[in-house]
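Scroll down for the structure; my scribbles are underneath it.
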Amino acid sequence: TRGSRVSFYASGLGSVSPAIEAGLPGGTDVLNRTVQTPQVFFDRFPASVVFSGLAPGIPGRYWVTVLVPAGVSSATNVSVSMTIGGFTSNRVTISVR
């Protein structure tokens, strides 16, 4: 739903703070946030990133939470992509109400 939070997992988002050894899961007491904040787009609309960091308890996975932009149209095939450190992810599609 527009304006709601959406979370997804990713890989390869780079360094985190506080730093942690590669391959270890994110902490549960202290969140390991990415040093760079990704940009996430729903079609051409930028989403507000609420959190970007290592997923607590899951080795090698990042967890990203964003707010679905209010301007995006309702559809069953809204394109979502992410850019960080000059690299752009593959596009995926989700339903938006």
Side-chain angles (χ1 to χ4, degrees):
T1 303
R2 291 174 284 184
S4 66
R5 290 179 183 216
V6 172
S7 294
F8 54 91
Y9 292 109
S11 61
L13 300 187
S15 300
V16 294
S17 179
I20 191 169
E21 188 177 326
L24 293 179
T28 54
D29 294 333
V30 175
L31 296 177
N32 304 90
R33 296 178 179 273
T34 55
V35 172
Q36 295 182 8
T37 302
Q39 294 177 301
V40 178
F41 295 91
F42 286 68
D43 286 336
R44 66 179 195 277
F45 299 95
S48 296
V49 177
V50 176
F51 176 78
S52 172
L54 288 175
I58 306 174
R61 289 289 172 250
Y62 292 83
W63 177 28
V64 179
T65 301
V66 300
L67 296 177
V68 178
V72 70
S73 298
S74 294
T76 59
N77 60 344
V78 175
S79 175
V80 179
S81 65
M82 179 173 57
T83 301
I84 190 167
F87 295 94
T88 301
S89 71
N90 295 331
R91 292 184 175 274
V92 297
T93 58
I94 65 170
S95 295
V96 173
R97 295 186 287 195

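Sequence positions, counted from 1, serve as the residue numbers for this chain.
Listed here is the closest heavy atom pair of Ala55 and Tyr9: CB-CE2, 3.8 Å. When every heavy atom of Leu31 is checked against every heavy atom of Pro18, the shortest pair comes out as O-CD, 3.7 Å. Between Gly57 and Pro25, the shortest heavy-atom distance links the atoms C-CB, 3.4 Å. When all heavy atoms of Pro56 and Trp63 are compared, the closest pair comes out as CD-CE3, 3.6 Å. Between Pro38 and Ser52, the closest heavy-atom pair is CD-OG, 3.3 Å. Across all non-hydrogen atoms, the minimal contact from Ala47 to Leu67 is CB-O, 3.3 Å.
Listed by chain and number, the hydrophobic cluster partners of Val35 come to none, as no ILVMFWY side chain reaches under 4.5 Å of it.
A chain of hydrophobic side-chain contacts below 4.5 Å, direct or via other Ile, Leu, Val, Met, Phe, Trp or Tyr residues, connects Val49 to Leu13. Put simply, Val96 and Val66 are part of the same group of oily side chains (I, L, V, M, F, W, Y) that touch within less than 4.5 Å, one to the next. There is no path of hydrophobic side-chain contacts, each under 4.5 Å, that joins Phe51 to Val6. Criterion: ILVMFWY side-chain heavy atoms under 4.5 Å apart, direct or through other members. Under it, Phe8 and Phe42 are part of a common hydrophobic cluster. Residues Tyr62 and Leu24 share a single hydrophobic cluster, defined by chaining ILVMFWY side chains whose heavy atoms lie under 4.5 Å apart.
Between Leu54 atom CG and Ser15 atom OG the span is 10.0 Å, to the nearest 0.5 Å.
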Solution key, residues 69-87 side-chain donor-acceptor pairs under 3.5 Å, sequence neighbours excluded:
{"residue": "Ser74", "atom": "OG", "partner": "Arg2", "partner atom": "NH2", "Å": "3.3"}
{"residue": "Ser79", "atom": "OG", "partner": "Arg91", "partner atom": "NH1", "Å": "2.9"}
{"residue": "Thr83", "atom": "OG1", "partner": "Thr88", "partner atom": "OG1", "Å": "3.2"}

